[in-house]
2 protein chains.
Amino acid sequence: MHGRCENCIIRELNSLRALKKDELKRISESKVSKTIKKGEVIFAEGEKLNGVFCVRNGVSKLSKMSDNGKDQIVKIAARGEILGQRSVITDETTNLSAVALNDMEVCYIPKQHLQDSLNSNVEFTKAVLLHIAGDLKFADNVIVNMAQKTVKQRVAETVKYLEDNFGTDCDGFIAVTLNREDIANIVGTAKEACIRTLSLFKKEKMIFTEGKRIKIEDKKALYRLIEGF
Amino acid sequence: MHGRCENCIIRELNSLRALKKDELKRISESKVSKTIKKGEVIFAEGEKLNGVFCVRNGVSKLSKMSDNGKDQIVKIAARGEILGQRSVITDETTNLSAVALNDMEVCYIPKQHLQDSLNSNVEFTKAVLLHIAGDLKFADNVIVNMAQKTVKQRVAETVKYLEDNFGTDCDGFIAVTLNREDIANIVGTAKEACIRTLSLFKKEKMIFTEGKRIKIEDKKALYRLIEGF
DNA sequence: TTTAAAAGATGATTTTTATCATGTTTCGAA
DNA sequence: TTCGAAACATGATAAAAATCATCTTTTAAA
C-alpha cells in the first residue's frame with residue numbers, strides 16, 4: 001500500500017474528487033496499489049468485478065469481442081480513468097475487457113466503498129452521473145462515425161482522437177504508441193487497411209511516422225478529411 | 001394540463017419513479033401536456049433545452065447528422081422514455097435530434113425540477129445514473145456491431161431489436177412500423193441495401209412483410225445470422 | 001377518384017474494403 | 001550479435017456495399 005487517497009492528485013481527474021474526507025479515509029485503508037505489466041489482462045469480458053481500478057500511470061485498452069471473433073476497442077483509458085466503473089455501478093458482469101498497453105500502476109478499490117457513497121453522497125453520485133453521461137455522448141458520436149464514415153475518415157479521426165487525448169511528446173509525436181492492429185481495432189477495419197491508410201497519409205504528408213510513433217504534420221488537411229473532403 | 005404526475009403510471013417506466021411526493025407535486029404544477037404530429041421535430045441537434053419530454057404515447061427517433069449529410073438513428077424511443085435527459089443533466093446543447101415517427105403525446109417538464117431533484121434526492125440521482133449506464137452499455141454494443149458486422153447481420157439485428165423493444169401486434173407483426181429509409185438509418189447503410197436485404201430475408205422465409213409491416217417468421221435462422229452464420 | 005409525390009423494388013456499375021499471399025523490417029530474447 | 005518471431009508493408013483478388021438509374025407500387029392530397 002502506497003500513499004493515502006486523501007493526498008492523491010489523480011483523484012482530481014475523476015468522480016472520486018467528490019468524495020468527502022471520511023469516505024476517502026476508508027477507501028485509503030482498503031485500497032491496494034498494483035503494478036500491471038504490458039499486455040496483462042486487468043479484467044476480462046463477462047467477469048464479475050469486486051472493485052474498480054483507478055489508473056495512476058500507463059494506458060489500457062477497453063475492448064469487446066464481437067461474435068465473429070474480432071476485438072473492437074471502445075476506449076483507450078489513461079491516468080485518472082476508473083476501469084470497471086460502469087459494471088460496478090449497475091452490479092453487472094463487465095461488458096468490456098481491459099488490457100494494459102504498457103506497464104501500469106493502478107489502485108484497486110473494493111466496490112463496497114463506491115456503492116456506499118453512491119447511496120449516501122449525492123455530490124458523488126452526480127459526479128459519476130456526469131461522467132457516464134459524457135461517455136454516452138462520446139459513444140453516440142462513435143456510432144455515427146462508424147456507420148457513416150469511410151475507413152480513411154475513421155483512421156484520420158482516430159489519429160486526431162489520440163493526439164487530443166494523449167498530447168504529444170517533445171518531438172511532436174503522439175504521446176501514446178499503439179501498434180497498427182490496435183489502431184485497426186479502434187477504427188473497426190482490417191489491419192492491412194489501417195496500415196495502407198496510414199502509409200497513404202504519410203505519402204500525402206498529413207502525418208509522419210517512425211516505427212509505431214505517429215506525428216501529425218498537416219492538421220488542417222487531416223481535419224478536412226475527417227469532415228469529408 | 002391533464003392528469004397529475006403523482007398518479008401517472010408511465011412514471012414507473014423511468015427514473016421519475018424515484019421522485020418523492022412533494023417533488024412530483026411541484027412537477028405536476030408546471031408540466032405541460034403536448035401532442036406532437038407524425039414527422040414533427042421535438043428538438044433539433046444543437047438546441048439548448050429548457051426541459052425534458054416524457055413520452056406518454058407514440059414513438060420517436062433520436063438521430064444525429066454526420067458530417068457527410070446522412071442521418072444516423074441512434075435510438076427509437078417509446079412510452080416511458082425521457083427525451084433530452086442527457087443534455088439537461090449535463091446542461092449542454094443536445095447531441096441528437098428527436099422526430100416523431102407517429103402521433104405522440106408527451107409531457108414537457110421544465111429542467112429546474114430535475115436539476116433540483118438531482119441535487120437533493122440521491123435515490124433519483126442513482127436511478128438516472130443506472131438508466132444512463134444502461135444506455136452506455138447498449139451504445140458500446142452498437143459500436144461493436146457497426147464496426148464488425150455485415151449489413152446483413154445488422155439488418156437482422158435491427159429487426160430483432162425492434163421486435164424485442166416494441167413487441168408484436170395481434171397478427172404477429174412488429175408493433176412499430178418504420179419506413180425502409182429509417183431502418184437503413186438505424187443499420188447505417190444505404191436505403192437500397194436495406195430494401196434488398198429485407199427482400200432477401202423474405203425470400204428465405206426468415207421474415208414476412210406486408211407494406212411497411214414486418215413479421216419475424218424464423219427466429220432461429222435470424223438469430224443464427226446475427227451471430228454470424 | 002384522380003393524380004402527383006413518396007416509397008419501395010431491382011438491375012447495372014463503381015467504389016470500398018476484406019481477405020489471401022508473400023516479402024521486408026523491427027525488436028527482443030538467447 | 002544473431003536468430004526467430006512479431007509487426008509492418010504491399011500486391012492481387014474477391015467480396016461487400018454504395019451509387020446511379022429506372023420502374024412499380026403505395027400513399028396522401030387536391
**OP:** Kindly say whether, by distance alone, the side chain of A/Glu192 makes a donor-acceptor pair under 3.5 Å with the base of D/dC8?
**Re:** no
Original post:
So does A/Lys215 have more than 12 non-hydrogen atoms from other groups sitting under 6.0 Å from NZ?
Top reply: yes
Original post:
Of A/Arg154 and A/Gly211, whose nearest nucleotide on DNA chain C comes first from the 5' end?
Top reply: A/Arg154
Subject >> Donor-acceptor pair (no angle test) under 3.5 Å: B/Arg196 side chain, D/dT19 base >> reply: yes
Original post:
With a 4.0 Å cut-off on heavy atoms, is B/Lys212 in touch with a base, just the backbone sugar-phosphate, or nothing at all?
Top reply: sugar-phosphate
**OP:** Nearest whole angstrom, please: distance from the C1' of D/dC8 to the NZ of A/Lys191.
**Re:** 8 Å
Original post:
When B/Asp182 is tested against each of B/Lys212, B/Lys191, B/Lys61 for salt bridge (Lys or Arg N to Asp or Glu O under 4.0 Å), which residue passes?
Top reply: B/Lys61
Original post:
Could a donor-acceptor pair under 3.5 angstrom be found where the side chain of B/Arg180 meets the base of D/dT26?
Top reply: no
Original post:
Should the pair A/Arg213-A/Glu210 be classified as a salt bridge under the 4.0 Å nitrogen-to-oxygen rule?
Top reply: yes
**OP:** Take B/Val151 and B/Lys38, find for each the nucleotide of DNA chain D with the closest heavy atom, and name the residue whose nucleotide sits nearer the 5' end.
**Re:** B/Val151
Original post:
Of the nucleotides D/dA18, C/dA18, D/dC8, which one has an atom closest to the side chain of A/Ala193?
Top reply: C/dA18
**OP:** Round to the nearest Å and state the distance from B/Leu198 atom CG to D/dT25 atom P.
**Re:** 19 Å
**OP:** Report the distance from atom CG of A/Asp103 to atom P of C/dG28, rounded to the nearest whole Å.
**Re:** 12 Å
Original post:
Any ion pair linking B/Asp67 and A/Lys149 (charged N to carboxylate O, less than 4.0 Å)?
Top reply: yes
Original post:
Rounded to the nearest Å, what distance is computed from the CD atom of residue A/Gln153 to the P atom of nucleotide C/dT15?
Top reply: 17 Å
Original post:
Which whole-number value in Å describes the distance from B/Met146 CE to C/dT17 P?
Top reply: 15 Å
Original post:
Could you give the CG-to-P distance, from B/Leu200 to C/dG8, as a whole number of Å?
Top reply: 18 Å
Subject >> Non-hydrogen side-chain atoms of A/Arg86 and A/Asp135 separated by less than 4.5 Å >> reply: no
**OP:** For B/Lys202, report the nucleic acid contact type (base, sugar-phosphate, nothing); a contact means any heavy atom under 4.0 Å.
**Re:** nothing
Original post:
Under 4.0 angstrom, heavy atoms only, what part of the nucleic acid is A/Lys149 near: base, sugar-phosphate, or nothing?
Top reply: nothing
**OP:** Take atom CD1 of A/Ile195 and atom C1' of C/dT17, then tell me their distance rounded to the nearest Å.
**Re:** 15 Å
**OP:** Report yes if some heavy atom in the side chain of B/Val55 is under 4.5 Å from a heavy atom in the side chain of B/Met104; otherwise report no.
**Re:** yes
**OP:** Compare side-chain N and O positions of B/Lys152 against OP1 and OP2 of D/dA16 and report whether any pair is under 4.0 Å apart.
**Re:** no
Subject >> Side-chain N,O (B/Lys70) to OP1/OP2 (D/dT19) below 4.0 Å >> reply: yes
Original post:
Using a cut-off of less than 4.0 Å, is there contact between a side-chain N or O of B/Ser199 and OP1 or OP2 of C/dG8?
Top reply: no
Original post:
Which nucleotide, D/dA17, D/dA9, D/dA7, lies nearest any side-chain atom of A/Asn179?
Top reply: D/dA7
Original post:
CD of A/Gln148 versus C1' of D/dA17: gap in Å, rounded?
Top reply: 13 Å
